[in-house]
Amino acid sequence: MPSNKSVSDAPIVQFTNCRILRDHWLQREDLWVREGKILNPEKLFFDEKGSADVQLDCKGSIIAPGFIDVQINGGFGVDFSLATDDFKSGIDLVSQKILSHGVTSFCPTLVTSPPSVYHQVLPQISVRNGGAHGAGILGAHLEGPFISREKKGAHPEHCLRTFEAGAFQDLLNTYGSLDCVRIVTLAPEMKRSSEGNEWRDGQRSHTLCLFPGHSVANLSQAEEAVQHGATFITHLFNAMLPFHHRDPGIVGLLTSDKIPAGRRVFYGMISDGIHTNPAALRIAHRAHPKGLVLVTDAIAGMGLAPGRHTLGQQVVEIDGLNTYIAGTKTLSGSVATMDTCVRHFQEATGCSVETALEAASLHPAQLLGIEHNKGTLNYDSDADFLMLNDSLYVQATYIAGQEVWRQDASGM
Amino acid sequence: MDEYVGLPRNHPESYHSYMWNNFFKHIDIDPNNAHILDGNAPDLQAECDAFEKKIEEAGGIDLFVGGIGPDGHIAFNEPGSSLSSRTRLKTLAMDTILANAKYFDGDLSKVPTMALTVGVGTVMDAREVRTHLVLVACVFSRLVGIDTGIESKETFVLQVMILITGAHKAFALYKAIEEGVNHMWTVSAFQQHPRTIFVCDEDATLELRVKTVKYFKGLMHVHNKLVDPLYSMKEN
């Protein structure tokens, strides 16, 4: 193949013999990549008179955008809520290992912790691009401590806080630096919690998102939070009031008519088969399919053998796919991997392959407002993608057009 | 052989898109050998003249493939076009606009009203070809020049191949081959071309005389006998 003649001398790679997920359906098309971005081959042909330098036969694989996990507390023995000396190498390890699950970008999540933990850990998390070293970090997700006492779930009670004392200043003091923080989950019904939005709006370039979760808010309080800018419900159904036909609570946001025009409410689902009954998963999906975002909520024990592990200040016990606070039946995170969640979601809802893949890629990207760059295979977006077989098992992971993980022949 | 004027090049209905999606992206052609008229060029007549020049520089056209419109036009040489016309800007006839509306959500106001097109004279040109330009068009009135560098055994005469399918083209086919050469049915000009093939399906022959259709079908039988004596033996 003649190489391209253009303003760029970078090699052009053409992935052929594949089906790509674009415009919400799997099409038989080639994927073209140059300089870490998806390339428009028609433009290349007519404008630059260019052609591919390398052609790779994908042997009929599905090519989908890389998965984005916005709620992951750790894995492989690493706990993001524990301020250890080798925290940095821990986060590197997780970001490298999750490549095999198809995750190309993630938000390391910290559960409710004492301020000292935040002050030590947050400065060590930096927003960075992915690559051979691991998945990209989009920013930290802070789940708590400004959450409801009644719906704390697995979060340690002694670390919970309110805004009563110093309003939003309290939040800033608790966390210390908010530079690398992308998402904060808090209970919107708490007094003075709305001041957070004013603070956030006052920061010109900050991309902080405040999301309701671990809360006993009723529907109106939740709708108010949405009107103030909230766009995501942290793990729907879990740690919130159950749906009631006269007060649907936060769950009612899925079909609320008070969502401002042009906005969409997204909701996280841990589709490991344990956190949510498949019937409930189907109800949510059918009520609001475009808002569903798959998250793992994985904890340190993910990827390890069953037994005891830590989750911040707590000890949890893993038994098969279930993870409980040691000695109780309170669910605390999961050990599911993102690709398992995608497969389970597809099986439980009977949805199309495209829908299942978008729930883990396009929707989280839309949630974070980065869909022009991530979460799709549109021209000029980042070339973070996966090769999967028809059963949605990840065969290879690519970040910025480079292969960063491949399933080896032995099936490891 | 043509392109709409004023339509963005990456519009799904532009002929650039059509050629890319239906032809170029499936083959390994060198992009430098693909030439399509630019309907957004600042000076449209200059663009047409340049296209004629490219054809001349390549030594002429070896193979021209196209279709016809229901009004018997070849490329966008609408009824009334001069039979000695060259590449130029043409306003589209209402028939053509109506036929194209289905590609533009049925909205007549969205259909382009002008196009650049090769002329009838451009295609009728038969000249000595010294180099090996193969000008290949795709079906249904789209023409593009491609230099594949293939050795052409026929070095002097242009070959014209027109593809006509469907009952809605039947009347145009009738006018093209059973009536005289007429600038109101521009494809009829090819009656005067030394080497023309019209490829049709049954439906397209619906307006022809039974005698004409039987004659051409009979030719196939004779052809088969000539190429494969065994075949004709099996027939008997």
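Below, read A as the first sequence line, B as the second, and so on, with proteins coming before strands; counting in each chain starts at 1. Since we're looking at a predicted model, the values are computed, not measured.
Annotation for B/Pro31 and A/Phe45: closest pair CB-O, 3.6 Å, computed over non-hydrogen atoms.
You'll find the side chain of A/Glu42 reaches within 4.5 Å of the side chain of B/Ser17, heavy atoms only.
The environment of CD in A/Glu371 is crowded: more than 12 heavy-atom neighbours from other residues, nucleotides or ligands sit within 6.0 Å. The environment of CD in A/Gln27 is crowded: more than 12 heavy-atom neighbours from other residues, nucleotides or ligands sit within 6.0 Å. Residue A/Lys43 qualifies as open at atom NZ: its count of foreign heavy atoms under 6.0 Å is 12 or below.
Atom NZ of residue B/Lys25 and atom OG1 of residue A/Thr16 lie 13.0 Å apart, to the nearest 0.5 angstrom.
Ring planes of A/Phe46 and B/Trp20: perpendicular class, angle over 60° (limits at 30 and 60°).
Between A/Lys49 and B/Asp30 no salt bridge is recorded (no basic side-chain N to carboxylate O distance below 4.0 Å).
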